[in-house]
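Note that this is a predicted model, so its numbers are computed, not measured.
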Amino acid sequence: MGKITLKGDIIYTPDKDKLKIHKDSYLIIENGLVVGITKELDSLSEDYEIRDFTGKLIIPGFVDLHLHAPQYPNRGIGMDKELIPWLNTYTFIEENKYSNLDYSRRVFEIFIRDLWKVGTTRSVVFSTVFLNSTKLLMDMFIESGLGAYVGKVNMDKNTTPAMEENTQRSLRETEELLLEYMHKSDLVKPIITPRFVPTCSKELLIGLGHLAHKYNVPVQSHMNENISEVYWVKELYPEIRNYADIYDSLGLFGKTKTVMAHCIYNTDDETELMANNGVYAAHCPYSNLNLSSGMMPARKYLKASVKIGLGSDISGGHELSIPKVMTAAIEISKMVWLMSNRQYNPLTLSETFYLATKGGGSFFGKVGSFEEGYECDALVVDVSNLLTNKSLSLEEKLEKFIYTGDERNIIERYVKGIRIEEPFM
């Protein structure tokens, strides 16, 4: 990977409470890792290739902690429905098309290219129930140079007949995927992916928990997203105290690294269990609004020491851009603040930028920051076309980009210190 230095206005969040800003400085990278940040280069840095972006922002790449690749064609469709009718009317029908690898490739090319465009350098992705299209998606991520966890979806009940899996076959195919891809790439890895409790038999969940433990593979699923879903889970498991206990009792809730999407209706016990088990919550504000699911109380979870990242949740969410998701998260937090009698303060810019970078990036390890030893995922951002007031501070320039910029402002993208060209061109 060699030695490179990026020169510009460097902004990142070692912790959530304050932006760390190095104006007109050098970000030093060696073998994909951050060595340090300095104002002046010394003679020891002479063998580094210098890439000069003076006057541009250099920020960590964005992390999308929850989205569905095969739903990409459905963005902006069916937004007048709640979760369960939306799944049955649109989602399962679209996902069934991915038994066709030609169709899969066409969609995945557009999907991955658009992730690159909006500056998402790492993502945690649901694929389909189909093994071959999941392998294809993983291979395409590897080819692109972007980082990802990708999971073959498991569901053996309460779906369309065409999508309903045989339990043992679902487990066999999942294990095949794990064995083939666990060590195939440093950047693209498999993840255990039960869709959610209502579409998975207890036998299937037990088997997936066993595979997660056997191979030390992470887990992703959904939890407490929608009121109807929560009631449905209670009907299916009347003997269980709460939704989280089902996952926890079956080895799918922090026994290995785990992320649960939404978590809007957590009980206090569930929130405490997430914190104790180190389970991440993927906050997906656009999806929660579009499907009339609710508003996740992000501040409450931060105060409870729950790990949080942001998710586009394509296609419940219609926006792939994590900066747009950031603004929605801030706006929702303001409404939660008002509705809680000002108990839970709104999210700040630095906190939300942290969630979009280091917060979600920590699911991948030392990712999402420019601290020494971190994998250097970076974006170079030119905000000059957004500025009518040239005297803005660097923090204000970042905020201007987050609220009013788009992919056209991102001029370079790096993953683990390697410049990533537009994929599949």
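Looking at E94 and K97, a side-chain N of the basic residue comes within less than 4.0 Å of a carboxylate O on the acidic one, giving a salt bridge. Look at K366 and E371 and you find no salt bridge, because none of the NZ, NE, NH1 or NH2 atoms lies under 4.0 Å from a carboxylate O. Ion pair D268/K300 flagged as a salt bridge, since at least one NZ, NE, NH1 or NH2 atom sits closer than 4.0 Å to an Asp/Glu carboxylate oxygen. Using a 4.0 Å cut-off between charged nitrogen and carboxylate oxygen, K324 and D406 do not count as a salt-bridge pair. Classification of E399 and K397 as a salt-bridged pair fails, no side-chain N sitting under 4.0 Å from a carboxylate O. Ion pairing between a basic and an acidic side chain is recognised when a charged N comes within 4.0 Å of a carboxylate O; D64 and R122 show no such pairing. Classification of R51 and E49 as a salt-bridged pair holds, one side-chain N sitting under 4.0 Å from a carboxylate O.
Rounding to the nearest 0.5 Å gives a distance of 10.5 Å between CE of M163 and CD1 of I93. Atom OH of residue Y149 and atom CD1 of residue I191 lie 7.0 Å apart, to the nearest 0.5 angstrom. Atom OH in Y354 sits 6.0 Å away from atom OG in S362 (nearest 0.5 Å). The line from CG of D382 to CZ of F53 is 10.5 Å long, rounded to the nearest 0.5 Å. Considering CG of D52 and OH of Y26, their distance stands at 7.0 Å, rounded to 0.5 Å. Note: S333 OG to M295 CE = 10.0 Å, rounded to the nearest 0.5 Å.
Considering only heavy atoms from C-beta on, I314 comes within 4.5 Å of L320 through its side chain. By the 4.5 Å heavy-atom criterion applied to side chains, L67 and F126 are not counted as neighbours. Inter-residue side-chain proximity for V233 and P198 is flagged as met; some heavy-atom pair is nearer than 4.5 Å. The side-chain heavy atoms of L27 and H22, taken from C-beta on, include no pair separated by under 4.5 Å. When side chains are defined from C-beta on, L386 counts as touching N409, because their heavy atoms get closer than 4.5 Å. Inter-residue side-chain proximity for K307 and F363 is flagged as unmet; no heavy-atom pair is nearer than 4.5 Å. Two residues are said to be in side-chain contact when any heavy atoms from C-beta on lie closer than 4.5 Å; K257 and Q220 fail this criterion. L211 has its side chain within reach of L178: a pair of non-hydrogen atoms, C-beta onward, lies under 4.5 Å apart.
In this pair, H262 and H222 present their aromatic rings parallel. The plane angle is below 30°, not in the 30 to 60° band. Taking the six-membered ring for Trp and thresholds of 30 and 60 degrees, H66 and H68 have ring planes more than 60 degrees apart, a perpendicular arrangement.
Between the side chain of S104 and the main chain of N100, a donor-acceptor pair closer than 3.5 Å is present. Distance alone, capped at 3.5 Å, is enough to place a donor-acceptor pair between the S185 side chain and the L187 backbone. The closest donor-acceptor contact from the side chain of E407 to the backbone of K117 lies at 3.5 Å or more, if one exists at all.
Residues L6 and A378 share a closest heavy-atom pair of CD1-CB, 4.4 Å. For the pair I246 and S249, the tightest heavy-atom approach, listed with the atom from each and the gap, is O-OG, 3.0 Å. Nearest heavy atom pair, residue I58 against residue G8, reads CD1-N, 3.6 Å. Minimum interatomic distance between N288 and G294 (heavy atoms only, all atoms of both residues): CB-O, 3.1 Å. Considering all non-hydrogen atoms of both residues, A162 and N96 come closest at CB-OD1, 3.5 Å. Contact between M79 and G316 at its shortest, heavy atoms only, is SD-O, 3.7 Å.
Applying the salt bridge (charged side-chain N to carboxylate O under 4.0 Å, His left out) test between K152 and each of E165, E176, E95, E175 identifies E165 as the sole match. Each of Y72, Y98, Y103 was scored for a ring-ring contact (aromatic ring centres under 6.0 Å, His included) with F108, with one residue passing: Y98.
Listed by chain and number, the residues in a salt bridge (charged side-chain N to carboxylate O under 4.0 Å, His left out) with E319 amount to none (sequence neighbours excluded).
Between Y48 and E30, the side chains place a donor N or O and an acceptor N or O closer than 3.5 Å (distance only, hydrogens not considered). Y181 and D139 share a donor-acceptor pair across their side chains, judged by distance under 3.5 Å alone.
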Decide yes or no on side-chain hydrogen bond (donor to acceptor under 3.5 Å, both in side chains) for N216 and T256, but give the supporting numbers first. CA-CA 6 Å; N216 192 29; T256 61; 5.6 Å; no
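When the shell of 6.0 Å around CD of E372 is examined, it contains 12 or fewer heavy atoms from other residues, nucleotides or ligands.
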Only pairs under 3.5 Å count here: list side-chain donor-acceptor contacts from residues 11-21, not counting sequence neighbours, and write none if there are none.
residue: D15; atom: OD1; partner: D17; partner atom: N; Å: 3.0

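A cation-pi arrangement is present between R413 and W116 under the rule of less than 6.0 angstrom and at most 45 degrees off the ring axis.
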